[in-house]
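In what follows, a single structure is set out as structure tokens and then discussed.
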Amino acid sequence: MNLESILVAAVSEAVKTLYGFDAEANQIQLQKTKKEFDGDLTVVIFPFVKAARKSPEQAGQEIGEFLKKSNPLISGFNVIKGFLNLNISKSYWLKTLAEIHAAESFGIIFADENSKLMMIEYSSPNTNKPLHLGHIRNNLLGHSIAEIQQANGWKVVKTNIVNDRGIHICKSMLAWKLFGNGETPESSGLKGDHLVGKYYVIFDKHYKAEIKELMENGMTEEEAKKSASLILEAQKMLLAWENNDAEVRQLWEMMNGWVYAGFDKTYNQLGVSFDKIYYESQTYLEGKSEVERGEAMKAFYRREDGSVWADLTGDGLDEKLLLRADGTSVYMTQDIGTAKLRYNDYPINKMVYVVGNEQNYHFQVLSILLDKLGFEWGKSLVHFSYGMVELPEGKMKSREGTVVDADDLMEEMIETARETSQELGKLDNCTSEEIEAIVRMVGLGSLKYFILKVDPRKNMTFNPKESIDFNGNTGPFIQYTHARIKSVLRKATEQKIDFSSLNNNELDISEKESSLVQLLNEFPSVVRLAGEEFSPALIANYIYELVKEYNQFYHDFTILKEENPDLKQFRLVLSESVASVIKTGMGLLGIDVPERM
RNA sequence: GGUCCUGUAGUUCAAUGGAUAGAACAAGUGUUUCCUAAACACUAGAUCCGGGUUCGAUUCCCGGCGGGACUACCA
């Protein structure tokens, strides 16, 4: 039984004995004692004052006395207002640290054959332009959540749906065909995804010019948008693609090949990966046939022009297009097909889509459509909806060139890490390979932590003009602390000091030390909560707090020069445990920590 | 218009209905013969407005005001 449940039971017994009060579980509120007060854990007395018919102070005093007498874990207490602050015995914390230190993978639950399977979709890029900062948030969240769920005992399949077909792809293809003069990644020196993105922009430029011209000749904007030759050509291309036109398919394969090579580099740099990749081009036909099946079973209906729709007005929503009049598919069509294929391919217990909150409506609709098609799992899809990354001026707009490119940003962060390291002279004794590895770790660590420390549901702001900090609540701060601990441990090993376990369980350790053990002890429940809430931010904030506390300890106490060998050993064990939790926790965020920096 | 999200120091972020609303950055000041000063310490600074529920509300409810997203034969 853990400390909390022991105390809850003890408090329950206390109020029963003292006041004849049968407390319900949620009435016994145990919380961590705030820093400014003496104590480790605090019982909130207010729920009992009515039954006690005493002032909160008096009741707190009585309950405190009772607990202290009946429980050797409690070494003391004090009451302030309606709060009973309990001191937990030092020996308890020593025993706890020994357990933490001995644990194989503290805080982690491994999956076994009985574990349930969670499929997590993230990234889901379009193959018409390179990845940007918004995708970075998506990828980091998806990867981290997969790690966190795995640490909570789920079997996880990471998946990606590549939106490799559709009108937007045809736009890049058409522009390249018209204006590209055979340009390739090799001939241009451009990364493949950037090259294709360039033609997407070129399409848009020419398309806009054409619209403008048509409007000057008297068309309304709406008419012009529909009748511009470029868009008609792109639509024709999409139709040709769906009809397996050899030439279009060949162009498509070539350009997508460029993009995939580029994406692979970006994913690799970012440190994310997938167990199973689906391609829209391979799932949309399944979606189409599902839509047709839905039409046959009268879940959907066909309009006179041949387009197929779902009427969702009964669900409080609008009507939703599922197939265009020319028979081509839309985004929703393929998502239906992809979902079905996934459930065919895997025994999925929980399907999670990591997709931005701008698509809340889309997933609401998808869920209903799958349900209407008779899939019993339709309503159980989880849309993990995260907030947008905004610039100080507002949303990033690819057409206005305000996007922050993923490759550029990562490179900048690594360069900043390199400069900082040089200024501080931290890596003067390292080989160039080591330097490369460390500055990469630190640069990416700063970026990843910056993004993941924010509550995923909230929008966040990124200011490209102010580069991401390396001091304070940042990735490098945490990495630095880890490196410092490792440095001390290396020296201890050199000095042949044994810190493989604790020899003395009756040491008189300080408040700061016992509170560090207490904090370490919270790690498993933070991992549990992060899993339930789908929130890497909880892990990030926890690690920051741990590291901040540890740095105070490191500053105020000496480790290797401590004269009492048992105390020295305790501090080494404590330090090693902190380093281990930092490494594990940061690992759950997809952030590496260095041995030195 | 409709649906949904959101509003905390100058800025970026925290706070299972609990104590004097925490950090970081930016500003100012200090700490190094001592295990890595990418550290530590100190000073100053905030809950959009109005009601309600509660012993207690940043948190829950209602009404304003501000910001955002969605509401495409785009993805």
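Sequence lines set the chain letters: A, B, ... in the order given, protein chains first and strands last, and positions in each chain run from 1.
Checked against a 6.0 Å centroid threshold, the rings of A/Y200 and A/F203 do not count as neighbours. Note: A/F46 and A/F83 meet the aromatic proximity criterion, with ring centroids under 6.0 Å apart. Taking the six-membered ring wherever Trp is involved, the centroid distance between the rings of A/Y449 and A/Y544 does not fall below 6.0 Å.
A close approach under 4.0 Å does occur between a side-chain nitrogen or oxygen of A/R324 and OP1 or OP2 of B/C74. For A/Y331, no side-chain nitrogen or oxygen approaches OP1 or OP2 of B/A75 to under 4.0 Å. The phosphate of B/G7 has OP1 or OP2 within less than 4.0 Å of a side-chain N or O from A/K458. Close to B/U36, at under 4.0 Å from its OP1 or OP2, lies a side-chain N or O of A/S487. One finds no side-chain N or O of A/N541 lying less than 4.0 angstrom from the OP1 or OP2 phosphate oxygen of B/A14.
Ring pair A/H362/A/Y331 is parallel by interplanar angle, where below 30° counts as parallel and above 60° as perpendicular. Taking the six-membered ring where tryptophan is involved, the planes of A/W241 and A/Y284 are tilted, since the angle between them lies from 30° to 60°.
B/G30 sits 30 Å from B/A15 when the C1' atoms are compared, rounded to a whole Å. To the nearest whole angstrom, the two C1' atoms, one in B/U6 and one in B/G64, are 16 Å apart. Of the C1' atoms belonging to B/A9 and B/U58, the separation is 14 Å, rounded to the nearest Å. Taking atom P in both B/C49 and B/U8, one finds a spacing of 11 Å when rounded to whole Å. Across the C1' atoms, B/U36 and B/U29 are found 24 Å apart, a figure rounded to whole Å. B/A26 and B/U11 are spaced 16 Å apart, taking the P atom of each and rounding to whole Å. Comparing B/A24 with B/U71, their C1' atoms sit 39 Å apart, to the nearest whole Å. Nucleotides B/A19 and B/U59, compared at atom P, are 13 Å apart to the nearest Å.
Rounded to whole Å, atom P of B/A37 lies 13 Å from atom CZ of A/F477. Whole-Å rounding puts the A/L317 CG to B/C4 P distance at 11 Å. Rounded to an integer number of Å, the gap from CG of A/N459 to C1' of B/G68 is 7 Å. Rounded to whole Å, the distance from CG on A/D318 to P on B/C4 is 13 Å. Atom-to-atom, CD1 of A/I451 to P of B/A14 comes out at 14 Å; the value is rounded to the nearest Å. Straight-line distance from the CG atom of A/L321 to the P atom of B/U71: 13 Å, rounded to whole Å. In this entry the distance linking OH of A/Y386 with C1' of B/C4 reads 17 Å, nearest Å. Computed from coordinates, the A/K491 NZ to B/C35 P distance equals 7 Å when rounded to whole Å.
Among the protein residues, A/N463 comes within range of no part of the nucleic acid, since none of its heavy atoms lies under 4.0 Å from any strand. As judged by a 4.0 angstrom heavy-atom cut-off over every strand, A/T461 is placed among residues touching the sugar-phosphate backbone only. In this structure, A/A492 reaches neither bases nor backbone, as no heavy-atom distance under 4.0 Å exists between it and the strands shown. Residue contacts shown for A/I167 are limited to sugar-phosphate atoms, with no base heavy atom under 4.0 Å away. A/Q359 comes within 4.0 angstrom of a nucleotide base, judged by non-hydrogen atoms across all strands. Across all strands shown, A/T328 has no heavy atoms under 4.0 Å from either base or sugar-phosphate atoms.
The cationic group of A/R303 lies under 6.0 Å from the six-membered ring centre of A/W309 and within 45° of the ring axis, placing it in a cation-pi geometry.
Side chain A/K426 to base B/U36: a donor-acceptor pair is found below 3.5 Å.
Of the candidates A/N87, A/D38, A/N78, A/T42, A/T42 is the only one forming a side chain to side chain donor-acceptor pair (under 3.5 Å) with A/T33.
Listed candidates were B/C70, B/A41, B/A38. Nearest to the side chain of A/E358 is B/C70. Side-chain proximity of A/I559 to B/U31, B/C35, B/A75: nearest is B/C35.
For the salt bridge (charged side-chain N to carboxylate O under 4.0 Å, His left out) test, no residue two or more places apart in sequence or in another chain qualifies with A/E292.
Going from atom CD1 of A/I451 over to atom OG of A/S446 covers 9.5 Å, rounded to the nearest 0.5 Å.
Looking at RNA chain B, the stems built from 3 or more consecutive Watson-Crick or G-U wobble pairs, each pair with its key distances under 3.5 Å, are B:1-7 with B:65-71, B:10-13 with B:22-25, B:27-31 with B:39-43, B:48-52 with B:60-64.
Side chain of A/Y554 to main chain of A/I559: no donor-acceptor pair is present (N/O by atom type, distance under 3.5 Å, no hydrogens or angles).
Projected onto RNA chain B by closest heavy-atom contact, A/W309 and A/N360 fall at different nucleotides, the more 5' of which corresponds to A/N360. For A/L427 and A/M332, each mapped to the nucleotide of RNA chain B holding its nearest heavy atom, the one lying further toward the 5' end belongs to A/L427.
For A/E415, the CD atom counts as densely surrounded, since its 6.0 Å shell holds more than 12 non-hydrogen atoms of other residues, nucleotides or ligands.
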Produce a footprint string for nucleotides 16-25 of chain B: one letter per nucleotide, 5' end first; B if the base is under 4.0 Å from any protein heavy atom, S if only the sugar-phosphate is, - if neither.
B-BBS--SSS
Run A/E562 and A/R571 through salt bridge (charged side-chain N to carboxylate O under 4.0 Å, His left out) and show every step you take.
CA-CA 9 Å; A/E562 169 56 44; A/R571 288 181 186 158; 3.1 Å; yes
